[in-house]
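Protein chains get the first letters and strands the later ones, always in sequence-line order, with residue 1 at the start of each.
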Amino acid sequence: MLNLIGRRALQGLLTLLVVSFLVFAGTELLPGDVAQAVLGQHATPESLQELRVQLGLDRPAPLRYLSWLAGVIHLDFGVSLASQVPVRTLVAERLGHTLILAGLSAAVAVPIAFVIGLGAATRPAGVFDRVSSIGALCVSALPEFFLGTLLVLIFAVNLRWLPAIAYVTEFRSFGQMVTSLAMPVATLAAVIVSQMARMIRATVVNVLSLPYVEMAVLKGVSYRRIILVHALRNAVGPIANVVALNLAYLVSGIVIVETVFVYPGLARLLVDAVSSRDFPVIQACVLIFCAVYIALMLLADIAAIIGNPRLRHQEMKK
Amino acid sequence: MNRRLLDIQNLTIESVATRKPVVSGVSLAIAPGEVLAIIGESGSGKTTLGLTALGHIRPGLQVASGRVLLDGTDLLSMGPSALRSMRGRRVAYVAQSAAASFNPSLMIGEQVIEPALVHGIMPADKARARALELYHDLSMPDPANIGTRYPHQVSGGQLQRLMAAMAMCCGPQLLVLDEPTTALDVTTQIGVLEAFKRAIRQQGAAALYISHDLAVVSQIADRVVVLHNGVTQEEGPSQAIINAPKAPYTRTLLSAYKQWAPGTVAAPTATVGSPLLTVSNITAGYGQNPTRGPRVVAVKSVDLEVRRSSVVAIIGESGSGKSSLARVIAGLLPSASGEIHLAGTRLPKTVEQRSKDQLRRIQIVFQSPDVALNPAHTVEQILGRSLALFGGKRRRERGALVRDILEMVQLPADFAGRKPSELSGGQKQRINLARALAAQPELILCDEITSALDPVVAASVIDLLRRLRAERGLAFMFITHDISTAASFADEIAVMYRGEIVERGPTDKVLNRPEHPYTKILVDSVPQLEAGWLEAAAGRRERLLASAGGVILAD
């Protein structure tokens, strides 16, 4: 089993390497010249050239890629062109905020999704199943920016209960954190809950229709034990996969939600960096998002391996 | 009968949606310690009936009328908690597929003792000791450690016996066994059957034994109930039903069941033609590079010859390489070495390399029409594709040809517009065969095409093959694990064991005077109707295995 997990982890690292190349190549292709972007329209050709040499832009791209990669491995992403602050400092500050937002969204969404999914699965085609599946479909059809704006309209503009933006540099109290994050978290959670609940329901319904569940019924095992011991044990691999996929989906959702609510997270930093052509910051942010995505996929794979006794005991069979 | 342990009275179960009865007006009773068999084809309602002994009605079905009394209490009017405390403790169930009925994520031992634990009959350590006893009784290998393994780590035959251990764990008064040996090879079945019979006797339990196999039933049951379309046809002592059937349906069942018995095969009389297919020294297998060095060798140095308008049966247990050999001949699995000649011309290894004409001349028919036929296509489309590819016929001519082919497989012309889902199992298998016939082949490779069919239907498909061979000079390579079918139909038999053909010759010679030790065991494992066969055969098997020198059977 460790062998298998090791192989998956190695594949993950390899993917990350390919991603780093793509990120670098992508920023190379972006229109505009960095020196021009930094010095503005009226810079003299001499000063432009000087800055290029200073930034190392006169060297060929493959060399620059390698030295950038070497830096990344040591968590050194270079210096921001816009603010002249090391990218690491900028990212560290913003990453915390994004992790709080993502973590809270996951912490709210996963249990709710489990309750809804399991509840719907125990009585397929029952009232709860129908209501929840229609609700989930409606919510997942709404894009985040619409849902977010709708929440702002209702709770901030009309009811005036919550602040319209979540612009905070630090949280002074728990209460303040709750009020400023309630809407962004609700927006993100709503979308992933609806996805997860539907997929958890489908997985559990499928497991409950298998012969070994009927066998457990015929052995006189209680319904509670059938769900918790027989069904969940086999559903855990696929469900972990669903959860990890949806958390990975958060990565893209967060870009939109942070923008809508003007939340000072990593995604906002990325959006700002793109508009100011701050290449080192763009590269760092995109790479971090990709790394998170790959890590979540890896976790999903590992969960699937642990959940499947055939894979878990691969060595034993030989 | 004085005391009735299980008493089913005038029971009718119907489909919720269509209100069509699945079981209608069935009454039967089992005395303590008695073994009663329910015999019937698939769809006869025997599983539905068996499950009512545990008060279980599958979703989509409902009880229309009747009672199921266990020791005088009606199970059908019991509340859920009373039912739960009865199930597994007083009545236990052994399902057809142990592989599907064991939870893949839990250790075997946990599942075996689970009924004893959930019913609070004994503490875990006592239950484990009890399980160990049962493993011994059921002749499990390595009984001390088998409980800590997972279902995928033991063989099918072992798993089937482990399920019996699970059922007997609480010492139930009644066991319901639903086709418990049907999925097993004959050589495996005999050991499992004997273990079941012994364990039932030792536990003093009564049993409801559900099966479609008359010979198996005759070995294990005291009495038999014959069920057809949910209606009881006949009931009586096993030997009386087999020797003097009264109901017309029982007679049909017995006549379709042309059980092969040792020494009864006549020498083939049909004249056969020149060599059509010659397989020389074929080795093939699976792995990343199957043509160079296959990691898993499935077919080992096989020689075979099929003559024009002859039938060669390949027999052997599952995993012996029968299907792989057919796939090599069809060009679906490229061989690592060896040659195949069709009427003197060497065939390229793969389908891609073969000419259209070469492909046309050899057709393959798979076991399951449900998988082989596109469910979205009509019969006309299914056959038309084959006709268009190999005949290049115009659309208008094709319609007439489709009708001809349907007539060839004895189906009415209006079936052309139907989809596979609108056909019965036997009809689907005929379409599956018709698809191959549409190419006008010379050789048809049949891979277990009667295995999933009921005996009566299977017999009619074999009749059809026989007729096609006589009228059209077709040759068949007929892969089967069912020796009786091979005996009734084949000119020659090749016995496969672990990828090799260990014996090959005329059917009468191979079956009446087998030479290879494996063939001897295989032939002797085919269940027979006469009383006492099981014990005698189990005894002979020990002696045969001892003298076989190197033959290892799956268990």
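Interface summary for chain A: among B:Gln111, B:His119, B:Arg84, B:Met166, the most heavy-atom pairs under 4.5 angstrom belong to B:Arg84. Contact tally against chain A (heavy-atom pairs below 4.5 Å) for B:Pro115, B:Ala100, B:Gly88: the top residue is B:Ala100. Of the listed residues (B:Leu83, B:Asn103, B:Val118), the greatest number of heavy-atom pairs within a distance under 4.5 Å of chain A belongs to B:Asn103.
For B:Phe102, the part sitting under 4.5 Å from any heavy atom of chain A is the backbone (N, CA, C, O) and nothing else. Residue B:Met86: no heavy atom, backbone or side chain, is found under 4.5 Å from chain A.
Residues of residues 195-221 of chain A placed with any heavy atom under 4.5 Å of a heavy atom in chain B are listed by number as A:Pro211, A:Tyr212, A:Glu214, A:Met215, A:Val217, A:Leu218, A:Lys219, A:Gly220, A:Val221. Taking 4.5 Å as the heavy-atom cut-off, the residues of residues 231-247 of chain A that approach chain B are A:Arg233, A:Asn234, ordered by number. Heavy-atom neighbours of chain A within the stretch residues 51-61 of chain B, taken at a separation under 4.5 angstrom, comprise B:Leu51, B:Leu54, B:His56, B:Arg58.
Around the CZ atom of A:Phe128, the shell of radius 6.0 Å holds more than 12 heavy atoms that belong to other residues, nucleotides or ligands. Atom CZ of A:Phe21 sits in a sparse spot, with 12 or fewer heavy atoms from other residues, nucleotides or ligands closer than 6.0 Å.
Residues that satisfy the side-chain contact (heavy atoms from CB on, under 4.5 Å) test with A:Val193, not counting sequence neighbours, are A:Ala109, A:Ile112, A:Ile116.
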